[in-house]
Structure formats: structure tokens, C-alpha cells
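Scroll down for the structure; my scribbles are underneath it.
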Amino acid sequence: MSRLLENLNPEQLAAVTLPPQPALILAGAGSGKTRVLTTRIAWLLQTGQATPANILGVTFTNKAAKEMLTRLGAMLPINTRGMWIGTFHGLCNRLLRAHYREAALPQTFQILDTTDQLAAIKRLLKTLNIDDEKFPPRELQHFINGNKEAGYRPAQVEAWDDYTRMRVELYKEYDDQCQREGVVDFPELLLRCYELLSRNEPVRRHYQLRFRHILVDEFQDTNRLQYLWLKLLAGHGEPARSHSPSPLTDEESLEHADGAARNWAAVFAVGDDDQSIYAFRGAEVGNMRDFEHEFGVSRVIRLEQNYRSHGNILDAANAIIANNSKRLGKNLWTDQGSGEPIRVYEAPTDIDEARWIVEEIQQLIRDGASRSDIALLYRSNAQSRVLEQQLFSAGVPYKVYGGLRFFERQEIKHALAYLRLLANPDDDTAFLRVVNFPTRGIGARSVEQLQDAARSFNTSLYATVPHLSGKPAVAIGAFVRLVEEARQTTRELPLPEVVDHILDASGLRKHYQAEREGQERLENLDELVSAARYFLNDMDQPVAEGEEPMPGDPLSRFLAHASLEAGDHQAEAGQDAVQLMTVHAAKGLEFDAVFITGVEDGLFPHEQSMNDLVSLEEERRLMYVAITRARQRLYLTLAQSRMLHGQTRYAIRSRFLDEIPEELMKWLTPRVQAGFGGGARYYGGSQDAVPRSPVNAPVQKSRDLAGLRVGQLVRHAKFGEGVIVAAEGSGQDAKLQINFGDAGMKWLLLGLAKLEPV
DNA sequence: CCGATCCAAGTTTTT
DNA sequence: CTTGGATCGG
């Protein structure tokens with residue numbers, strides 16, 4: 001039998017070799033998900049069940065798509081280039097470029113990234129004379145994207161109040177503006193593509209017949225629109241579609257499903273509801289359930305054997321996630337033995353916490369660990385600072401993930417804006433970005449006049465310039481001539497030379513040469529030329545047999561690439577370094593040793609997510625993801641006080657800590673009894689569905705609280721037992737905020753109230 | 001047009 | 001405490 005299938009466990013084997021039918025694979029953390037996905041594709045190809053052209057592989061990130069292609073290339077001696085494996089957005093971009101006319105887009109349509117989109121919205125509000133206090137651009141952006149991602153055009157949005165009616169109106173205006181300018185934002189790529197497929201029967205038919213197997217990674221992260229898109233492409237989304245007039249029931253036709261008899265694609269969805277941590281940006285875990293029912297999944301395969309972590313780590317993860325409701329259900333196990341206990345360390349302050357972590361890391365390294373196998377995880381980016389400071393002063397090399405990305409840098413975006421104007425002069429966002437950068441004497445007044453004129457002529461800014469008169473006409477006319485000349489000069493040039501030319505013609509190089517701190521920016525601009533060279537080179541490689549090359553001219557494709565793939569996050573490879581990142585960023589990664597830091601109520605779970613059950617459960621999944629990153633050793637650390645927003649705040653340990661069975665943990669500092677951890681968790685006076693805890697209450701001075709401390713349980717003659725939630729002032733004047741449970745929350749003076757420690 | 005200064009806000013993030 | 005945005009003089 002095929003070597004491909006060697007060393008797969010029974011469940012993996014079952015998944016890989018499933019007959020063509022809708023399949024849902026619940027793949028736990030570290031259970032070999034990517035392996036199953038790629039082996040499945042390789043198996044389909046190797047056994048002749050499918051040709052590369054029959055496969056559609058969908059991921060969320062470019063990284064995941066590349067990973068799939070690389071692994072596939074290693075498994076089979078085939079050319080994977082040109083195969084339709086990519087992100088939702090990348091695939092939609094490809095479809096829209098191939099069918100730009102049917103999609104009513106200009107051939108050179110440009111893609112707005114999140115920042116460009118916000119700028120476009122601000123500009124819209126300005127031209128419409130809308131008060132951006134009443135309609136905050138960010139909120140409007142959220143509104144528009146949310147609706148697009150739910151599949152709603154303005155006409156389909158239900159508006160019950162004047163405010164929303166206005167937002168819908170603005171949504172419509174915004175769409176019109178984008179259409180005029182020939183630009184699409186991220187959600188538009190998907191929605192436009194979805195509409196193309198649903199309205200254009202021949203196009204839809206073509207791809208439905210072509211893609212017999214659709215494989216989806218991280219299915220739990222799909223939003224509504226992505227789900228609908230998959231459904232449509234798979235042939236499950238058309239009530240009107242003429243199915244074969246076979247009298248077979250669904251179940252029977254599935255059994256006979258092969259080749260031409262089958263009139264829908266086999267969707268192979270891999271996901272893990274327990275690792276759904278992107279609901280905040282529109283992901284709908286519910287899609288997994290819907291998929292199961294609407295596609296008629298007959299058998300859900302669970303991959304529960306974990307090849308990554310030791311038993312104690314998995315037990316802790318399982319114990320925590322068991323507190324969530326509405327799970328599809330899954331329990332990770334390993335045959336690796338239980339391993340070391342989970343180490344817990346509680347420090348007085350965030351600085352002490354960081355200092356201790358660094359010492360521990362140095363010990364690990366002395367014991368032979370390599371730095372890159374150690375990760376420091378935190379809930380929010382702001383927490384990295386203290387850790388960095390301590391690592392830095394101890395001289396431990398580290399890398400922080402999550403910084404600015406290459407194509408998001410100011411100088412790069414400026415250069416790209418010039419290039420966008422070459423490709424599509426109607427792109428007003430690009431126009432405004434660089435019309436006066438580098439400065440060429442075009443002020444706000446001139447631009448305003450131009451915008452007014454553009455509005456009355458109903459043309460793009462660029463096209464309006466010839467209609468101008470007076471002083472603005474001269475200055476802006478010169479700018480347009482600059483762009484036109486560049487267009488002429490570069491017409492016949494290869495892409496890298498186009499880029500290089502525009503850097504000089506625009507004056508960008510000169511500008512940054514004159515700037516004191518401009519050296520790095522200049523280097524980045526040169527890097528952009530290299531990126532173009534690399535891109536062109538890559539583009540010219542032959543594609544797999546039977547594949548058509550990607551449509552579109554090189555420049556537009558390069559620009560799309562820049563928008564869709566903003567580049568790696570800052571942490572450039574290089575020397576062996578400790579890895580710092582948010583828990584979100586750590587998803588999909590694994591390390592020998594993991595420190596989860598700031599395990600405090602208010603931080604993790606985040607205070608803005610602890611007050612309702614739905615978001616608290618997402619926080620819990622986040623903790624589950626964090627824990628399951630560790631292979632051998634897991635540390636949970638917390639601090640009693642930390643500097644946040646310039647204020648010292650006090651916190652108590654995370655409720656998630658109390659969900660881990662005692663016997664799995666080893667406390668390196670005394671475990672402080674704070675009156676919870678036992679049965680009584682509801683000491684908040686409110687009737688919330690979620691137990692509320694005292695959170696990071698602000699305090700001013702350092703405290704001398706007569707031996708008491710925040711988080712401590714005390715007894716009051718009248719109010720009974722309560723937990724100290726916060727303190728203000730010090731000495732006998734100190735005021736203490738105490739939560740007495742049923743008696744409510746009280747501020748008491750330390751000097752007056754008779755408090756006894758319990 | 002540009003720098004200086006003031007003020008408000010402040011999860012998680014990919015495309 | 002930081003950062004980004006807006007605003008105000010020169």
C-alpha cells in the first residue's frame with residue numbers, strides 16, 4: 001500500500017481515505033491536522049481520484065497555505081504551482097481577476113487594506129459633510145465589514161432606527177465610492193466573488209464542475225459569508241439548481257457518489273471548535289454545526305490523540321475546556337506519560353514576575369534548552385514591555401511577534417500608492433496619500449477645491465484635475481504630469497524597474513535621503529524593489545500542467561500581493577531567541593517550554609470579556625490554546641500588582657487557575673487562599689451569569705495596610721466576610737474596597753472599620 | 001505647510 | 001505610561 005498512509009493512526013487514516021462525501025474532522029490541538037489535510041490531497045491525487053485541477057484548498061493565512069503546498073510538494077513528485085490552494089481572499093482575488101468583467105470591476109482593480117479602507121471612509125464622511133463625531137469612522141468600518149461578512153448589501157440590512165438607517169445609507173455611499181474608484185476592500189473580495197458565482201450560472205457551473213474536492217482548514221474560524229461561499233461553490237447553496245432527476249434519497253446518492261454522478265463537491269472540513277478564538281472578528285463556530293446538518297455529514301471523525309504535549313498539560317487543558325458549554329465534544333489524550341507538573345508562580349509585582357521568568361529561562365538554557373524552544377505568551381500586547389525590559393537587561397536574545405509588517409510601513413505604502421496610480425489613476429485613496437508627499441506645495445485648500453470639483457463632475461480626483469483652474473490647477477497639474485510621465489517611461493519596463501523608477505520620479509528617495517532617520521526607510525524602499533524582482537521571478541515559473549497562469553498584469557498582481565500578504569511580522573529570523581507573542585499569535589505553534597504570563601482575572605480573562613458567558617468562553621478557549629502550545633514544560637505566572645496605563649492595579653489570580661486540578665500543579669510560591677477556589681465563587685453582589693471578581697482596581701500610593709492585602713479575605717462585625725478588592729491611600733487613612741457578597745461592595749476606612757483577617 | 005503641543009484612549013488579528 | 005490624532009501658532 002501507499003507509503004503515504006504509513007504511520008497514520010486509525011482515525012487519521014479514516015479521515016484521509018474517506019470516500020468523496022461531506023466530511024467534518026474535529027482535529028484537536030497537536031493531533032496532526034495539517035498532516036491529515038495534506039495527506040488527504042496527496043492520496044486523492046495519487047490514487048487518481050482527482051487531478052490537481054479538481055482540488056480547492058482553503059486556508060485563513062498565507063502561512064498555512066504555503067505550508068500545505070510545501071508539504072504536498074514533499075509528498076508527491078508534482079508541480080504544486082498554480083494549484084488552487086490559498087486563502088479565502090487570495091482565491092477570491094484570483095477568481096475576480098479572471099472574471100473581472102462579469103464581476104463589474106476594472107481589470108486593474110486595487111485592494112484596500114484595513115488602513116486604506118478607514119481612510120476611504122473618513123474621506124467619504126468629509127465629502128458628504130457628515131459629522132464624524134456622530135458617525136465615528138472606525139465604528140462605521142466595523143458596521144460595513146460586519147454586514148459584508150454576513151453577506152448583506154445595504155438593501156438587505158434591516159434598520160429599525162434612524163441611526164442605523166443613516167449607517168446603511170453611508171454603507172451604500174461607501175460602496176458607490178469604491179466602485180467609482182475601482183477598489184475593493186477585504187470583505188468585498190469575498191462578497192463580490194460570492195455574488196459573481198451566485199449570479200453567473202456559466203461561471204459557477206465551470207468551477208463547480210472543476211472543484212470536486214474542497215478542503216477547508218481551520219473551519220471553526222469561518223464567518224458567515226465564507227460559509228455561504230463554500231456552500232455555493234460546493235453546489236449545496238442553490239435551491240434552484242436542477243439536481244439529477246434521480247429518485248435516490250440523499251443517503252443513497254451519497255453511496256453512489258462518484259465522478260459524474262455526483263453533482264456536488266466533497267467538502268472536507270477540518271477544525272476544532274475548542275480553538276475558536278476569533279469570534280470577536282466575525283468567526284462563527286456555529287458554522288460547524290450548520291455544516292454537519294446542511295451538508296449532511298454522516299460521520300464526524302475526531303482526532304484526539306495528541307502528539308505534542310505531556311499528559312499533565314493535556315489534562316489541564318481538558319479540565320479547563322470542560323467548563324465550556326455547547327462543545328462538539330472531544331478529549332485529548334497522549335501515550336507519552338504525564339510528564340512534569342505545571343509550575344505556578346505568583347509574584348508580588350509584574351516586574352518581579354518578569355524577573356523571575358528571565359531567571360528561570362536562563363536556568364532552562366543552562367540545562368540545555370534552546371532559546372527558540374521557549375515561548376512567553378501573554379493575553380495582550382501591552383504586557384510584553386516588562387518582559388522585554390527584563391530580558392534585555394539580562395542580555396537574553398528575544399523576538400517579539402506582532403510588530404509592523406513590511407507592506408504596512410509608511411514609506412512602503414507611499415511607494416505603493418504611486419504604483420497604484422500607475423495601474424489605476426481613479427484610486428482616490430492612493431491619490432490623496434501622495435498628492436503632497438513628498439511635499440510639493442499642495443495644501444489642504446487646493447485638495448479641497450479638487451474634491452469639490454470631483455464631486456460636481458462625478459469623476460475621480462485624477463480625472464478632475466484638467467477641469468481645475470487657478471493656482472491649484474498649476475500645482476496639482478504638475479503632480480498629474482509627474483505620474484503621467486512615469487507611466488510613459490515605465491510602460492515597457494519590467495516590474496522591478498518600474499518600482500525603482502517610481503522611487504526616484506516621485507521624489508521619495510530624495511525625501512528620505514534628506515531625513516535624518518531616513519536610512520532604514522531607504523533600505524526598505526530598496527527592499528521593495530527586491531520584493532518586486534522576487535515576485536516577478538516567482539510569477540514566471542511554469543505552472544502545473546492543466547493550470548492556467550494567474551490572470552492580470554504584473555503590476556496589478558504585485559499590488560494585490562502586497563495587500564493580501566502584508567509580509568511577515570517584524571520578528572525577523574536570525575539568531576536563536578526566546579519567542580514573545582500574544583496567545584492569539586501562538587495558535588498553531590508549539591514550544592518545549594511555555595510561560596503563560598499574567599494569569600490574572602481582568603487580564604486573562606480580559607476584563608472586557610469576563611462579564612458575559614459567551615465571551616468568557618472564548619477567553620477559556622484562548623487559555624486552552626495557550627496551554628496546548630507546550631510540549632514538555634508549562635509555567636503559569638501571575639502578579640499581584642502591575643503597572644497598567646500608568647497606574648498600579650491589583651488583581652487576583654485568574655479563575656481559570658482554579659479550574660485546573662490541584663494535583664497537576666506545583667506551586668512555586670505559596671498558594672494564597674483568597675476565599676475562592678473552594679465552592680463559593682459568587683461573591684459579587686450582582687446577579688451576573690458569570691461570577692464577577694474584583695478586578696485590577698486602581699490605587700494611588702504604595703500601600704501599608706496594617707498587614708492586610710488586596711485579595712485577602714476579612715471579617716467585618718456587621719457585613720460578615722468579604723474580599724479586599726482595592727485599596728486607596730495607606731496607613732490608618734487607607735480606604736479599602738471590600739466585596740461582602742450579599743452585603744454588597746463597600747468602601748471602608750482601615751482606621752475605623754474593625755477588620756479581622758480570616 | 002509644518003512642527004509643537006495637548007488630549008484622549010487604551011483586547012485579541014488576518015486578509 | 002504610551003501612542004496616535006487633532007489642533008494651534010509660526
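All chains are named by letter (A, B, ...) in the order of the sequence lines, taking the proteins before the strands, and each is independently numbered beginning at 1.
Across all non-hydrogen atoms, the minimal contact from A:R420 to A:I111 is NH1-O, 4.3 Å.
Only A:F60, A:T61, A:N62, listed by number, bring a heavy atom of residues 56-67 of chain A to less than 4.0 angstrom from any atom of DNA chain B. Contacts between residues 619-627 of chain A and DNA chain B, defined by a heavy-atom separation under 4.0 Å, are made by A:E619.
Checking B:dT15, B:dT11, B:dT13 against every side-chain atom of A:T114, the shortest atom distance belongs to B:dT15. Checking B:dT13, B:dT15, C:dC1 against the side-chain heavy atoms of A:H645 singles out C:dC1 as nearest. Checked against B:dT13, B:dT11, B:dT14, the side chain of A:T582 finds its nearest nucleotide in B:dT13.
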Tell me, with the steps shown, if A:R281 and A:E149 meet salt bridge (Lys or Arg N to Asp or Glu O under 4.0 Å).
-> CA-CA 10 Å; A:R281 68 172 195 215; A:E149 279 165 358; over 6 Å; no
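Between the side chains of A:E139 and A:Q141, no donor N or O sits under 3.5 Å from an acceptor N or O. Under the 3.5 Å distance criterion, with hydrogens and angles disregarded, a donor-acceptor pair is assigned to the side chains of A:N323 and A:E659. When only modelled atom types and interatomic distance are considered, A:T349 and A:R642 share no side-chain donor-acceptor pair under 3.5 Å. Side chains of A:S615 and A:D612: a donor-acceptor N/O pair is present below 3.5 angstrom, by distance only.
For A:H584, the ring pair (Phe, Tyr, Trp, His ring centres under 6.0 Å) partners are A:Y278, A:F280, not counting sequence neighbours. For A:T61, the side-chain contact (heavy atoms from CB on, under 4.5 Å) criterion is met by A:K63, A:A64, not counting sequence neighbours. Partners of A:Y100 under the ring pair (Phe, Tyr, Trp, His ring centres under 6.0 Å) rule, at least two apart in sequence or in another chain, do not exist in this structure. For A:F186, the ring pair (Phe, Tyr, Trp, His ring centres under 6.0 Å) partners are A:H89, not counting sequence neighbours. Residues forming a side-chain contact (heavy atoms from CB on, under 4.5 Å) with A:K122 (at least two apart in sequence, or on another chain): A:L118, A:P137. Residues passing the side-chain contact (heavy atoms from CB on, under 4.5 Å) test with A:A630, sequence neighbours excluded: A:I313, A:V594, A:L634. By the side-chain contact (heavy atoms from CB on, under 4.5 Å) test, A:T70 is found to be paired with no residue, residues two or more places apart in sequence or in another chain being considered.
Put simply, A:S609 has no side-chain N or O that comes within less than 4.0 Å of OP1 or OP2 on B:dT12. At the phosphate of B:dT11, neither OP1 nor OP2 sits under 4.0 Å from any side-chain N or O atom of A:R281.
Applying the side chain to side chain donor-acceptor pair (under 3.5 Å) definition to pairs two or more places apart or across chains, those involving residues 434-450 of chain A are A:Y418-A:R440.
Counting any heavy atom pair closer than 4.0 Å across all strands shown, A:F88 reaches no nucleic acid atom.
Rounded to an integer number of Å, the gap from A:L96 CG to B:dT15 C1' is 14 Å. Atom CD in A:E600 sits roughly 16 Å away from atom P in B:dT11 (whole-Å rounding). Protein atom NE2 of A:H561 is 16 Å distant from nucleotide atom P of B:dT14, rounded to whole Å. In this structure, the CZ atom of A:R94 is 18 Å from the P atom of B:dT15, given to the nearest Å. To the nearest angstrom, P of B:dT15 lies 12 Å from CG of A:D113. For A:Q383 and B:dT12, the CD to P distance is 9 Å, given to the nearest whole Å. Nucleotide B:dT15 holds its P atom 19 Å from the NZ atom of A:K148, rounded to whole Å. The interatomic distance linking A:N381 (CG) with B:dT12 (P) rounds to 5 Å, in whole Å.
Distance OH/A:Y398 to CG/A:L376: 11.0 Å, rounded to 0.5 Å.
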Atom pairs, protein N/O to nucleotides 2-10 of chain C N/O, distance under 3.5 Å:
none

Protein N or O to nucleotides 1-8 of chain B N or O, pairs below 3.5 Å:
| from | atom 1 | to | atom 2 | distance (Å) |
| --- | --- | --- | --- | --- |
| B:dC1 | OP1 | A:I442 | O | 2.4 |
| B:dC1 | OP1 | A:G443 | N | 2.2 |
| B:dC1 | OP2 | A:A444 | N | 3.0 |
| B:dC2 | OP1 | A:T439 | OG1 | 2.8 |

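To the nearest whole angstrom, the two C1' atoms, one in C:dA6 and one in B:dT11, are 25 Å apart. Distance noted for atom P between B:dT13 and C:dG4: 16 Å (whole Å).
By the criterion of a centre-to-centre distance under 5.5 Å and near-parallel planes under 30°, the ring of A:F280 forms a stack with the base of B:dT12.
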